[in-house]
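What follows is a set of notes on a single structure, which appears directly below.
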Amino acid sequence: MHRGFALRWSQGTVAELLKGRHNSLGFLRLALASAVVVSHARILGYGGKEYLHSFSGGQTDLGKLSVYGFFVLSGILVTRSGMRLSLGRFLWHRALRIFPGFWMCLAVAAFAVAPLLYRHLHSTLEGFGGPHGPLDYFRANWAVSTNQYDISQIMTDARSAGLVHNTAFNGALWSLRYEFLCYLAVAALAVVGILARARRAVLVLTAVLGWLVVRQAMTDPFWAGPYDAYALPALQLPPFGPVSPAFLIYLGFAFALGAVIELYKERVPVSDPLGLAALAVLLGSLHYGYLFTVGIPAFAYVLVWLAIRLPAVFRRVGARHDYSYGIYIYGFLVQQTLALIGWTRWGMGAYLALTFAFTVLLAMASWHLVEHPMMKLKDLRLGRSGKRGKSHGIGERAAATEGGDATARVPGPAADRPAPSADQHTYAGSSRG
């Protein structure tokens, strides 16, 4: 582990430094999740533009930029996990980390919050339920999908009454489907041996995705991202529902950047001048254009650099309890609830303070009552393929050559020893409702 924080051209490589407990990935996840909530506050509470929208010339905002950060970190950590685990155990770990907390969030929204808000709005529960009610909401969205945004027309009616500015109950959940599709892509690449024996193929795939991004942005340096990229029709992918090819390209590019950093980590230097230069490129592209072509790759390096070079005090954030997922999945729901009951009338400061107070309480409950207990099942025997040994990993060659370093860990609940930071994976939030 490096000591001191003197500005130096090279501190070592990512392979040497982004391992073990000595990193700030937990802090970065928490910061990104909180940034999504802050960004949502202006649009959900007051119908305004989100933070960074004006500074970026409409290219992005704080929430969307945080989404790309999540995908970069996820690309690093989940690729690491895919190289060391068997296929069954990899998918099991990923499912345990996303689905239990997600299902509980759906249940809280549908069966606890929705009836209370319906009664507050209509002074009765008559008419609650039925088509597009809570049961339909849970059934439509259980597979990390967002096939139904509202519950019993609550947010739609509240918007018509001028109480809220968005008709989604929890619009921040939409990008989880793209996150899980990236997991499946990692599993496929690992199964055919690309991660362990043909990593250049991942580099080529990243270059192709990058070219598609560059090609779309060539006509407009301030082009605002993937919402209308190529005007491609949505793909129907059961059970995920409609999937945008444009989002697959753009979010997939960010994820692939993280995967390349992980696969070539012994060649990626940790350099303070490079980190500062990447930060300057990110800020410059935000303000002057070409964010998606040069800014997002620069952002990927900035995140890795910060994870390694932030002072030691930041490494303790999230070291035992990871509330970032809960903050992400509950923040939007809390903000919509507070807006509907009229608590935005006290101003942005009070609205944000109340948002974080309730969101953090729900995130703590989610972690201690759902996420953490479920993650204790990671070592559940999955048959022969789930046993650790010389022939069971989908990336066993990489694991054998890198040993303990291949399983670098972000502090959190343990399963495999040593467990990877990927088991405390990132989650892609969004500022789009």
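Nothing fancy with the numbering, it's 1 onward along the sequence.
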Under 3.5 Å, side chain of [X] to main-chain N/O of [Y], donor-acceptor pair present?
{"X": "Ser66", "Y": "Ala33", "answer": "no"}
{"X": "Thr146", "Y": "Trp174", "answer": "no"}
{"X": "Arg199", "Y": "Leu263", "answer": "yes"}
{"X": "Ser56", "Y": "Leu286", "answer": "no"}
{"X": "Ser285", "Y": "Leu282", "answer": "yes"}
{"X": "Ser175", "Y": "Tyr178", "answer": "no"}
{"X": "Arg84", "Y": "Phe90", "answer": "no"}
{"X": "Asn170", "Y": "Leu106", "answer": "no"}
{"X": "His372", "Y": "Trp367", "answer": "no"}
{"X": "Tyr46", "Y": "Gly347", "answer": "yes"}

Any heavy-atom pair between the side chains of [Y] and [X] that's under 4.5 Å?
{"X": "Phe314", "Y": "Leu28", "answer": "no"}
{"X": "Leu333", "Y": "Leu362", "answer": "no"}
{"X": "Phe255", "Y": "Leu251", "answer": "no"}
{"X": "Gln336", "Y": "Asn166", "answer": "yes"}
{"X": "Asn141", "Y": "Gln148", "answer": "yes"}
{"X": "Asn147", "Y": "Arg139", "answer": "no"}
{"X": "Val270", "Y": "Val14", "answer": "yes"}
{"X": "Phe332", "Y": "Val36", "answer": "no"}

**Check against side chain to side chain contact (heavy atoms under 4.5 Å, CB included), Ile308 and Gln11** = CA-CA 10 Å; Ile308 294 168; Gln11 304 287 340; 5.9 Å; no

Just verifying a value: how many Å separate [X] [atom1] and [Y] [atom2], rounded to the nearest 0.5 Å?
{"X": "Arg94", "Y": "Ser81", "atom1": "CZ", "atom2": "OG", "answer": "4.5 Å"}
{"X": "Leu62", "Y": "Ser34", "atom1": "CG", "atom2": "OG", "answer": "10.0 Å"}
{"X": "Ile261", "Y": "Ile76", "atom1": "CD1", "atom2": "CD1", "answer": "4.5 Å"}
{"X": "Ile43", "Y": "Glu50", "atom1": "CD1", "atom2": "CD", "answer": "5.0 Å"}
{"X": "Tyr137", "Y": "Asp150", "atom1": "OH", "atom2": "CG", "answer": "9.0 Å"}
{"X": "Leu87", "Y": "Trp92", "atom1": "CG", "atom2": "CH2", "answer": "14.0 Å"}

Which atom names give the shortest non-hydrogen contact between [X] and [Y], and what distance separates them?
{"X": "Leu18", "Y": "Ala307", "value": "CD1-CB, 4.1 Å"}
{"X": "Val202", "Y": "Leu195", "value": "CG2-CD2, 4.1 Å"}
{"X": "Ser74", "Y": "Glu179", "value": "OG-OE2, 2.9 Å"}
{"X": "Gly331", "Y": "Val37", "value": "CA-CG2, 4.1 Å"}
{"X": "Leu257", "Y": "Thr206", "value": "CD2-CG2, 4.1 Å"}
{"X": "Ala172", "Y": "His40", "value": "CB-CE1, 3.9 Å"}

**Message:** The test is side chain to side chain contact (heavy atoms under 4.5 Å, CB included); show your working for Lys378 and Leu96 and say whether it passes.
**Reply:** CA-CA 7 Å; Lys378 287 192 303 178; Leu96 282 177; 3.9 Å; yes

**Row check, Phe240 ring normal vs Arg177 NZ/CZ: under 6.0 Å, within 45°** = no

**Item:** Note: Arg309-Asp272 ion pair, threshold 4.0 Å (strictly below)
**Value:** yes

**Request:** Flag the pair Glu16 and Lys265 as a salt bridge only when some basic side-chain nitrogen lies within less than 4.0 angstrom of an acidic carboxylate oxygen.
**Result:** no

**Complete:** Residue set satisfying side-chain hydrogen bond (donor to acceptor under 3.5 Å, both in side chains) with Arg159, at least two apart, ordered chain then number -> none

**Prompt:** Can you list the residues that meet the side-chain hydrogen bond (donor to acceptor under 3.5 Å, both in side chains) rule with His368, with sequence neighbours excluded?
**Reply:** Tyr323

**Request:** Show your reasoning for whether side-chain hydrogen bond (donor to acceptor under 3.5 Å, both in side chains) applies to Glu371 and Ser366.
**Result:** CA-CA 6 Å; Glu371 299 168 52; Ser366 178; 2.5 Å; yes

**Request:** Can you label the angle between the Phe358 ring and the Trp343 ring as parallel, tilted or perpendicular, going by 30° and 60°?
**Result:** tilted

**Request:** Show the numbers, then the answer: is there a side chain to side chain contact (heavy atoms under 4.5 Å, CB included) between Arg97 and Met375?
**Result:** CA-CA 7 Å; Arg97 193 61 186 99; Met375 288 176 68; 3.4 Å; yes

State whether the number of non-hydrogen atoms from other residues, nucleotides or ligands found under 6.0 Å of [X] atom [atom1] is greater than 12.
{"X": "Met218", "atom1": "CE", "value": "no"}
{"X": "Trp142", "atom1": "CH2", "value": "no"}
{"X": "Phe55", "atom1": "CZ", "value": "yes"}

**Asked** Would Leu25 and Arg29 count as a side chain to side chain contact (heavy atoms under 4.5 Å, CB included) if you check the C-alpha gap in whole Å, the side-chain angles of each, and the deciding distance to 0.1 Å?
**Response** CA-CA 6 Å; Leu25 288 170; Arg29 284 198 305 271; 4.0 Å; yes

**Message:** Please confirm whether the ring centroid of Phe99 lies under 6.0 Å from the ring centroid of Trp103.
**Reply:** yes

**Prompt:** Mind checking whether Phe247 and Phe71 have ring centres under 6.0 Å apart?
**Reply:** no

**Prompt:** Phe292 and ring pair (Phe, Tyr, Trp, His ring centres under 6.0 Å): which partner among Tyr68, Phe299, Phe253?
**Reply:** Tyr68

